[in-house]
Amino acid sequence: MTRAIILAAGRGSRMGELTAEQPKCFARLHGRRLLDWQLQALRGAGIERLALVRGYRGVCFDEPLTYFENPRWQQSNMVRTLLAADAWLAADACIVSYSDIFYSAATVAALSRVEADLAIAYDPHWHALWSQRFADPLADAESFRLDASGNLATIGERCQNVAEIEGQYMGLLKFTPAGWAQVRELLLQRGDEAIDRLDMTSLLRLLLQAGLPIAVSPVQGPWGEVDASDDLALYHRLFTPEALNA
């Protein structure tokens, strides 16, 4: 595994003033941008070729990375941003990362080792974190169940009971070129407007409906997603810099 792509085109409007003048991944956790934590984890897992898909405030990025562009970021969702990196996804196995999360190099390395064309990282112990992020974890959590083979069976549906949820998807994926070819073929059957509306969880549901297997890999070590400034305040309390650097 030698390549990774960070999807950083969206604004993250729920972050309020934190994204008024800068991309969401410039929000800081223990003095470092989320982007810096992502790059550290990806490089720590031995990934040498790094790309980023820009959109909102793209001029802010000056790291020595390969850049792709989603000029229609305001009119589209994350799957359109993913398609902007088609050239890399078709050429080599790639880790794909949301830009509003942080995670460990161990999580990336474990996902890289999964022998599957499509795979996602997830948190089987999600409830402990969600209970601290939300007064009612079920207000945000979505279905996540595995089949008898240990692959993903359902994702992205509303749930009435915690027992229905075996984990939470965390915004970290793996595609091989063969897996991406299947994804791309499915997307091209849908048309531009439908693609623009697709978020990543909806894409995963479409892939399951098409009968494509999606492997899973449990998170290792600290991780978090940042949807609001309150999340950053929580992670400052939960995780020391030393824990995040481990």
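FYI, side chains are in, hydrogens and waters are out, and symmetry mates aren't considered; it's all heavy atoms of this structure. None of these values were measured; they are calculated from a predicted model.
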Distance from Leu173 atom CG to Leu111 atom CG, nearest 0.5 Å?
7.5 Å

Pair Thr154-Leu208, side chain to side chain contact (heavy atoms under 4.5 Å, CB included): steps then yes or no
CA-CA 8 Å; Thr154 63; Leu208 291 176; 5.6 Å; no

For a quick test of reading the model, state the closest non-hydrogen atom pair linking Ile95 to Ile47 and the distance between them.
CG1-CD1, 3.9 Å

Quick one: does any side-chain atom of Lys24 pair with a main-chain N or O of Val226 as donor and acceptor, under 3.5 Å?
yes

Please answer whether the main-chain N or O of Cys25 pairs with a side-chain N or O of Ser99 as donor and acceptor at a distance below 3.5 Å.
no

Over 60° means perpendicular and under 30° means parallel, so classify the ring planes of His30 and His236, tilted if in between.
perpendicular

For the hydrophobic clusters of this structure (ILVMFWY residues joined by side-chain heavy atoms under 4.5 Å, transitively), does one cluster hold both Ile195 and Leu203?
yes

First locate atom CD of Gln38, then atom CG of Leu42, and finally report the distance between them rounded to the nearest 0.5 Å.
7.5 Å

Hey, quick one: are Leu188 and Val183 part of the same hydrophobic cluster, counting side-chain heavy atoms closer than 4.5 Å, chains of contacts allowed?
no

Reported CG-to-CD1 distance for the pair Asp117 and Ile214, which is rounded to 0.5 angstrom
11.5 Å

Got Leu82 and Trp180 here, is their nearest side-chain heavy-atom distance under 4.5 Å?
yes

Grab the two heavy atoms, one from Leu89 and one from Val96, that are nearest each other, plus how far apart they are.
CD2-CG2, 4.0 Å

Would you confirm whether Arg3, through its side chain, and Glu48, through its main-chain N or O, come within 3.5 Å as a donor-acceptor pair?
no

When you check the gap from the basic side-chain N to the acidic O, do Asp92 and Arg49 get nearer than 4.0 Å?
no

Less than 4.5 Å apart, any side-chain heavy atom of Asp231 and any of Glu225?
no

For Trp88 versus Ala4, what's the shortest heavy-atom pair and its separation?
CZ3-O, 3.6 Å

Ignoring hydrogens, what is the shortest heavy-atom contact between Ala91 and Pro177? Give both atom names and the distance.
C-CG, 3.9 Å

Between CG on residue Leu34 and CG on residue Leu29, distance to nearest 0.5 Å
6.5 Å

Do any N or O atoms from the side chain of Ser97 and from the backbone of Ile6 form a donor-acceptor pair under 3.5 angstrom?
no

Assess whether side chain to side chain contact (heavy atoms under 4.5 Å, CB included) is satisfied between Thr81 and Phe68, documenting all intermediate values.
CA-CA 9 Å; Thr81 297; Phe68 299 101; over 6 Å; no

Check the side chains of Gln132 and Arg237 for a donor-acceptor pair under 3.5 angstrom, ignoring hydrogens and angles.
no

Look at the side chain of Arg158 and the backbone N and O of Leu138, then say whether any donor-acceptor pair between them is shorter than 3.5 Å.
yes

Quick check against the 3.5 Å criterion: does Glu142 have a side-chain atom that pairs as donor or acceptor with the backbone of Gln168?
no

For Tyr103 together with Tyr98, are the ring centres under 6.0 Å from each other?
no

Say you draw a straight line from CZ of Arg197 to CZ of Arg190; how long is it, rounded to the nearest 0.5 Å?
8.0 Å

Which heavy-atom pair separates Ala106 from Gln220 by the least distance, and what is that distance?
CB-OE1, 3.8 Å

Would you indicate whether the side-chain heavy atoms of His127 and Ile165 approach each other to under 4.5 Å?
no

Are Leu118 and Phe175 close enough that some pair of their side-chain heavy atoms sits under 4.5 Å apart?
yes

Would you call Tyr169 and Val216 a side-chain contact if the rule is heavy atoms closer than 4.5 Å?
no

Between Arg80 and Asp192 (salt bridge meaning N to carboxylate O under 4.0 Å), is one present in this structure?
yes

Shared hydrophobic cluster for Val114 and Leu146 (ILVMFWY, side-chain gaps under 4.5 Å):
no

Separation between CG (Leu207) and CG (Leu186), nearest 0.5 Å, reads 5.5 Å

Smallest heavy-atom separation, Gly167 atom then Tyr122 atom, equals CA-CD1, 3.9 Å

Please determine if Arg33 and Glu63 form a salt bridge, counting it only when a charged side-chain N lies under 4.0 Å from a carboxylate O.
yes

How far apart are the C-alpha atoms of Asn77 and Leu198, what are their side-chain angles, what is the distance that settles it, and do they pass the side chain to side chain contact (heavy atoms under 4.5 Å, CB included) test?
CA-CA 6 Å; Asn77 215 318; Leu198 271 181; 5.7 Å; no

Of the options Trp37, Tyr235, Trp223, which is the one that meets Phe102 in a ring pair (Phe, Tyr, Trp, His ring centres under 6.0 Å)?
Tyr235

Is the shortest heavy-atom distance from the side chain of Leu187 to the side chain of Leu206 under 4.5 Å?
no

For Glu185, look at atom CD and say whether over 12 heavy atoms of other residues, nucleotides or ligands are found less than 6.0 Å away.
no

Min side-chain heavy-atom separation Gln40-Leu244 under 4.5 Å:
no

Once the angle between the rings of Trp126 and Trp130 is folded into 0 to 90°, is it parallel (under 30°), tilted (30 to 60°) or perpendicular (over 60°)?
perpendicular

Within-4.5 Å side-chain heavy-atom neighbours: Leu238 and Leu129
yes

Are the side chain of Glu164 and the backbone N or O of Ser143 linked by a donor-acceptor pair below 3.5 Å?
no

